[in-house]
Amino acid sequence: MVVLPFKKKSKLKPWIQGTVWIIFCFLLLILCVGASFVVYFFFDTPRAELTHRKVAQTSIIYDRTGEHMLYEMHGEENRKVLSHNEIPDVIRLATVIVEDDNFYSHHGIDFISILRAIKANLQESDLSQGASTITQQLARNAFLTREKSWERKMKEIALAFKIEMKYSKDEILDFYLNEIPYGSNAYGIESASQIFFGKSAKDLTIDEAAMLAALPKATTTYSPYGNKTNLLVARQKFILEKLKEQADAEGKKSVEEAIEIDTLAKVTPLREEIEAPHFVFYVKEQLEKNYDKEAIEEGGLKIYTTLDYDLQKTGESIVKNYVSENGNKYGFSNGALVAIDPKTGDILTMVGSRDYYDTAIDGKVNVAVETRQPGSSFKPIVYAKAFEKG
C-alpha cells in the first residue's frame with residue numbers, strides 16, 4: 001500500500017491571529033456603539049407623522065369664475081401637494097434611479113452606501129458624502145435641518161426607520177416628491193413642473209421628468225437658470241440612459257427620442273406670473289387685514305375674487321390706448337380705470353396704471369386707490385350740497 005503524504009494546513013501565526021481578533025473586536029464595538037446611538041435617537045426624535053403634518057402650501061388668487069389664476073402667494077416654499085394618482089410614474093422611476101436605486105429593497109438605510117461614504121469621509125476628513133436614501137432625505141427635509149454633523153445623521157437614520165415602519169414605499173415616495181426642494185423656491189414636483197416648464201406634473205414628458213429628477217441633488221449647481229447647465233444636461237442624460245436600460249423595446253425607443261431633445265430650450269423664463277397686478281395687491285392688502293401672513297402664504301388657500309377677467313383685459317387695453325392716443329395732446333402719461341357693479345358693489349375691473357412694469361411712470365403705484373387732489377371731479381359733490389341748501 002502506497003501512502004501519499006498529506007500536507008497539514010499551516011496555522012496562522014500568533015501575531016496575525018491577534019490582529020484579526022483586534023479588528024473583529026473593533027468592528028463589533030463600532031456596531032454596538034452605532035446601534036446604541038440609533039436606539040437612543042429612535043426615542044429622542046419626534047414621531048414620524050407625515051400624513052397629518054402641516055406643510056407650507058401656496059395660496060392662489062383667482063378671478064370670479066375660478067378658471068383664471070391671477071397670482072400665487074407663498075413664502076420661501078412654493079408648494080402644491082399632489083395625491084398619489086396625480087404623480088406620473090416617469091418621475092417616480094427617474095427619481096428612484098438617480099437618488100436611491102435600492103429604494104424598494106432596503107428598510108430606510110442602505111448600509112453598503114453608508115460604509116462607502118464613511119470610507120470617503122475618513123479619507124477626506126470631512127462629511128462631504130452622505131449616502132442618504134430617499135427615506136433619509138425625507139426625514140431630513142420634514143423634521144431636521146441640513147446641518148452636517150454626526151448627531152443629525154444619527155437622528156436622520158432613526159427617523160428613517162420610524163418612517164419605514166409606519167408607511168409603505170409608495171407613500172414614502174409620494175411624501176418625498178411633495179416635500180423636497182427643486183430650487184427657485186419650488187418645493188415638490190408640482191411647483192417644480194409649473195415653474196420650470198409651465199405645466200402640471202401629470203403632463204411632463206420623459207425628458208422633462210429626467211431633468212427635474214436631476215435637480216434635488218444640488219439645486220443651485222444644477223439649476224436651469226444657473227451657469228452650469230452643462231452639468232445639469234449631463235446628469236439628465238445619465239438618468240435617461242438608466243431609464244433606457246430598464247425599459248422594454250417600445251420604451252427604449254421613447255427614451256432614445258427623449259435623449260435627442262434639447263430640454264433646456266423648453267425651460268420657461270424666470271419671472272413672476274401675475275395677472276391684474278394692481279387688483280391682486282389690493283386683494284392681498286385686504287387679506288392681510290384679516291389673516292396673518294403665515295396663513296396667507298402657507299395655508300394653501302384658494303381665493304375667489306369679484307374680478308371679471310375678460311372685462312379686466314378690455315379695461316387694460318382701453319387705458320393703454322387712451323393714454324397713447326391722448327397723452328401728448330393733453331399732457332399726461334398715465335391713467336387708471338375701475339369698473340364696479342352698482343347693484344352689488346363688486347369690483348369687476350381695476351387698472352391702476354397704464355403699465356404696471358413701467359418704472360418711468362411709477363407703474364406699480366395703483367393710481368385708482370391712491371389719495372390725490374380730486375380737482376374738478378369734486379364739483380358735483382359741492383354743487384349737490386349747494387342745491388340741497390337752495
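Here the structure is a predicted model, which is why all the values come from computation and not from measurement.
Using cut-offs of 30° and 60° for the angle between ring planes, the F387 and Y383 rings count as tilted. The aromatic rings of F175 and Y167 lie perpendicular to each other, with more than 60° between the two planes, well past the 30° mark.
Here L215 contributes atom CG and T95 contributes atom OG1; the two are 10.0 Å apart, rounded to the nearest 0.5 Å. Rounding to the nearest 0.5 Å places CD of E179 at 9.0 Å from OH of Y187. Note: I91 CD1 to I189 CD1 = 3.5 Å, rounded to the nearest 0.5 Å. Interatomic distance, I157 CD1 to T135 OG1, rounded to the nearest 0.5 Å: 12.0 Å. Annotation: the span from L240 atom CG to I259 atom CD1 amounts to 5.5 Å, rounded to 0.5 Å. If you take CZ on F279 and CG on L307, they are separated by 5.0 Å, rounding to the nearest 0.5 Å.
In this structure the side chain of E285 reaches within 4.5 angstrom of the side chain of K289, judged on heavy atoms. Two residues are said to be in side-chain contact when any heavy atoms from C-beta on lie closer than 4.5 Å; M350 and N366 meet this criterion.
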- Query: Hey, mind stepping through F196 and S184 against side chain to side chain contact (heavy atoms under 4.5 Å, CB included) and telling me if it holds?
  - Reply: CA-CA 9 Å; F196 295 118; S184 300; 3.9 Å; yes
- Message: As a quick check of understanding, evaluate side chain to side chain contact (heavy atoms under 4.5 Å, CB included) for Q312 and H68, giving each step before the final call.
- Response: CA-CA 12 Å; Q312 174 68 22; H68 299 282; over 6 Å; no
- Message: Quick one, E275 with K313, criterion side chain to side chain contact (heavy atoms under 4.5 Å, CB included). Give me CA distance, side-chain angles, the key distance, then yes/no.
- Response: CA-CA 9 Å; E275 297 271 11; K313 290 301 176 184; 2.8 Å; yes
- Message: As a quick check of understanding, evaluate side chain to side chain contact (heavy atoms under 4.5 Å, CB included) for F197 and T205, giving each step before the final call.
- Response: CA-CA 10 Å; F197 294 111; T205 58; over 6 Å; no
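Of the possible donor and acceptor atoms, none in the side chain of N178 sits under 3.5 Å from a partner among the backbone N and O of G188. Proximity of a side-chain donor or acceptor of D207 to a complementary backbone N or O of I261 within less than 3.5 Å is not detected. For the pair D346 (side chain) and L348 (backbone), a donor-acceptor distance under 3.5 Å is absent. For the pair S59 (side chain) and L301 (backbone), a donor-acceptor distance under 3.5 Å is present. Using modelled atom types, no side-chain atom of S200 and backbone atom of D203 make a donor-acceptor pair closer than 3.5 Å. Side-chain N or O atoms of R354 include one that pairs as donor or acceptor with a backbone N or O of S333 at under 3.5 Å.
A donor-acceptor contact under 3.5 angstrom links the side chains of D63 and T65, judged on distance only. Counting only N and O atoms by type, the side chains of D110 and T133 include no donor and acceptor under 3.5 Å apart. Donor-acceptor pairing under 3.5 Å is lacking for the side chains of E67 and Y309. Residues N334 and S353 have side chains that never bring a donor and an acceptor to within less than 3.5 angstrom of each other.
Listed here is the closest heavy atom pair of V323 and G335: CG2-N, 3.9 Å. The nearest pair of heavy atoms linking I195 to Y225 is O-OH, 3.4 Å.
In summary, K364 and E370 do not engage in a salt bridge, as defined by a charged side-chain N under 4.0 Å from a carboxylate O. Contact check on D89 versus R92 returns a salt bridge, with a Lys/Arg side-chain nitrogen under 4.0 Å from an Asp/Glu carboxylate oxygen. With salt bridges taken as basic N to acidic carboxylate O contacts below 4.0 Å, none links E190 and K202.
Heavy atoms of other residues, nucleotides or ligands lying less than 6.0 angstrom from OH of Y282 number 12 at most. Counting non-hydrogen atoms of other residues, nucleotides and ligands closer than 6.0 Å to NE2 of H107 gives a total of 12 or fewer. Environment of CG in N328: sparse, with no more than 12 heavy atoms of neighbouring residues, nucleotides or ligands closer than 6.0 Å. Y291 OH: 12 or fewer foreign heavy atoms inside a 6.0 Å radius.
Within the structure, side-chain hydrogen bond (donor to acceptor under 3.5 Å, both in side chains) contacts touching residues 239-253 (residues at least two apart or in different chains) are K244-E256.
Annotation: cation-pi geometry satisfied between K169 and F103 (NZ/CZ under 6.0 angstrom from ring centroid, within 45° of ring axis).
In terms of the side chain to side chain contact (heavy atoms under 4.5 Å, CB included) criterion, residue partners of Q57 (sequence neighbours excluded) are, by chain and number, V55, V81.
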